[in-house]
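The structure under discussion appears below in the form of structure tokens.
These numbers come from the heavy atoms of this one structure, side chains and all, not from hydrogens, waters or symmetry mates.
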Amino acid sequence: MQLETDLIHVARPEQRPAPVNPPVVRTSTVTFESLAAMRAAKQRREQGERVFSYGRRGTPTTYALEDAVSRLEAGEHTQLLPSGVAAINLVFMTLLSPGAHMVIADSVYQPVRRIVEGWLRPWGVTVDYFDGSVEHLMTTLRDDTRLIYTEVPGSLVYEMQDLPALAAIANQRGIPLAVDNTWASGILMQPLKQGATVSLMAGTKYLVGHSDVMLGSVTANGDIGQRLREMAITMGQSIGGDDAYLALRGVRTLACRMETHDWHARELGEWLVNQPQVACVHQPSRPEHPGHELWRRDFSGGNGLLTVEFTTDTPAQQVDSLVDRLTLFAIGSSWGGFESLALPCNIVAARHLDNSWATRGPCLRLHVGLEPSMI
Ligand SMILES: *Cc1c(COP(=O)(O)O)cnc(C)c1O
């Protein structure tokens, strides 16, 4: 329970009297009492210290959120970004350069493929996909591999990976391993503790928790943590005080929201799996999920996501009309907010290596919100 307790107490103002959360600081310019004070601040900054000196470099509000995310991710340095996709790009920008080779898990968040095709390949980076297994990773690595990028569990159908085993290989070869930790959002699993070099999250999802802010975070230790921070400043990536404030407020209730999402999603999964037109329910907490044992070993719980795979004779239009008739589930992208969402998903387009999906039934992703149990 230590993490849950710390999330209530981390990054709170120390002086009294004080508001319970650090107030919103909105500023570009930071003013100093003298030139000497300004120069001293610059000097501390150049020695790697986090100094309040200009809006783009952060404010006490964003520092507070950084500290909370660092606690959540069990890391030293956290850099905040204006979206989860910006967080992914910061990792690529910092750790790759033209001529480098990168290995990506096939089950990653689909827009990563867009980054690969739209930026990385034209920039001169070579990219190979691996199926998530240790064996396939070993055969995909090259002498010029500069980054291994993965996400556990995978997007849409939650394929599990043996993260400590992947990390052991990465560390043995001195290749950084970056993990998209949005599914666990730090509260269910910390990649850095499992041996990963970098953990990133779309704070847009469970950290914010109310679907009203876009946010990304990247957490790492030591030199790589510093390099990520420098690169974010070089690229002019920063977030506003209002967004940081709302995200920190979200973090305070992350643990109990997650428990409720998990509970309700398990109940709904149990009901759905017994419906005649359902072939299976993809959800790591289900005992028949292929990665269930790894999930039990590495994660402390589940979240509100599940994906229903219908029988092969179910027409896709029937799934569409089911979605249109839902009353409590809204139709929309994303997840992690207090509300329930439904979205048909095309797994074929989201996988390069696993072509079994071409012959399987239509899939519907559900995010189960905080409504009391409906069953
Ligand atoms: C949503 C999501 C992202 C991207 O986050 P945005 O804030 O929407 O840019 C990245 N990774 C995963 C796994 C996500 O689900």
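- Using modelled atom types, one side-chain atom of R325 and one backbone atom of S321 make a donor-acceptor pair closer than 3.5 Å.
- Rounding to the nearest 0.5 Å gives a distance of 11.0 Å between OG1 of T61 and CG of D243.
- M160 and F130 fall within the same hydrophobic cluster, defined by Ile, Leu, Val, Met, Phe, Trp and Tyr side-chain heavy atoms under 4.5 Å apart, directly or through other members.
- At distances below 3.5 Å, at least one donor-acceptor pair connects side-chain atoms of R227 with backbone N or O atoms of T94.
- Residues W295 and G302 share a closest heavy-atom pair of CZ2-N, 3.7 Å.
- Under 4.0 Å is where a charged nitrogen must lie from a carboxylate oxygen, and between R113 and D106 at least one such pair does.
- Looking only at side-chain heavy atoms (C-beta outward), H77 and N221 stay at 4.5 Å or farther from each other.
- A heavy-atom distance below 4.5 Å is found between the side chains of M138 and R173.
- Contact check on E159 versus R351 returns a salt bridge, with a Lys/Arg side-chain nitrogen under 4.0 Å from an Asp/Glu carboxylate oxygen.
- Between E293 and R297 there is no salt bridge, since no side-chain nitrogen of the basic residue lies less than 4.0 Å from a carboxylate oxygen of the acidic one.
- Closest heavy-atom contact between L364 and P344: CD1-N, 3.6 Å.
- For the atom pair D298 CG and Q161 CD, the distance stands at 11.0 Å (nearest 0.5 Å).
- At a threshold of 4.5 Å between non-hydrogen side-chain atoms, the residues L228 and T219 do not count as touching.
- Between E66 and R71, none of the side-chain N atoms (NZ, or NE/NH1/NH2) sits under 4.0 Å from a carboxylate O, so this pair counts as no salt bridge.
- Residues L200 and M102 share a single hydrophobic cluster, defined by chaining ILVMFWY side chains whose heavy atoms lie under 4.5 Å apart.
- Looking at V85 and Y109, their side chains come closer than 4.5 Å, going by heavy atoms from C-beta outward.
- Between the CD atom of Q194 and the CG atom of L177 there is a distance of 10.5 Å, given to the nearest 0.5 Å.
- Considering all non-hydrogen atoms of both residues, P153 and P284 come closest at CG-CG, 4.2 Å.
- For T197 against A220, the heavy-atom pair with the smallest separation is O-CB, 3.5 Å.
- N303 has its side chain within reach of M258: a pair of non-hydrogen atoms, C-beta onward, lies under 4.5 Å apart.
- Checked against the 6.0 Å centroid threshold, Y206 and W335 count as a close aromatic pair.
- At a threshold of 4.0 Å, the pair D67-R12 does not count as salt-bridged, since none of the basic side-chain nitrogens sits closer than that to a carboxylate oxygen.
- With T182 contributing its side chain and A202 its backbone, the two residues share a donor-acceptor pair below 3.5 Å.
- Residue-environment remark: CZ (R249) stays at or below the threshold of 12 foreign heavy atoms within 6.0 Å.
- Follow the hydrophobic side-chain contacts under 4.5 Å out from F32 and you reach V25 in the same cluster.
- Here the closest heavy-atom approach between residue A170 and residue I148 is recorded as CB-CD1, 3.7 Å.
- Within the 6.0 Å centre-distance limit, the rings of W357 and H282 are counted as a close aromatic pair.
- Counting heavy-atom neighbours within 6.0 Å of R121 CZ, excluding the residue itself, gives a total above 12.
- Listed for the T307 side chain is a donor-acceptor partner under 3.5 Å among the backbone atoms of L156.
- The nearest pair of heavy atoms linking E73 to P191 is OE1-CD, 3.7 Å.
- When L141, I175, L147, T145 are each tested for a side-chain contact (heavy atoms from CB on, under 4.5 Å) with H101, only one passes: T145.
- Side chains of E339 and S211: a donor-acceptor N/O pair is present below 3.5 angstrom, by distance only.
- A 4.5 Å side-chain heavy-atom check between D242 and L246 finds every atom pair outside the cut-off.
- Here CD1 of I224 is found 12.5 Å from CE of M231. Values are rounded to the nearest 0.5 Å.
- Other residues, nucleotides and ligands place more than 12 heavy atoms under 6.0 Å from the CD atom of Q226.
- In this structure the side chain of V112 reaches within 4.5 angstrom of the side chain of I104, judged on heavy atoms.
- Cation-pi contact between R257 and F338: absent, since separation from the ring centre below 6.0 Å together with deviation from the ring axis within 45° is not met.
- Distance alone, capped at 3.5 Å, is enough to place a donor-acceptor pair between the T204 side chain and the L215 backbone.
- Proximity of the aromatic rings of H292 and Y158 is defined here by a centroid distance below 6.0 angstrom, and this criterion is not met.
- Aromatic ring pairs are classed by plane angle as parallel below 30°, tilted from 30° to 60° and perpendicular above 60°; the pair F52 and Y63 is perpendicular.
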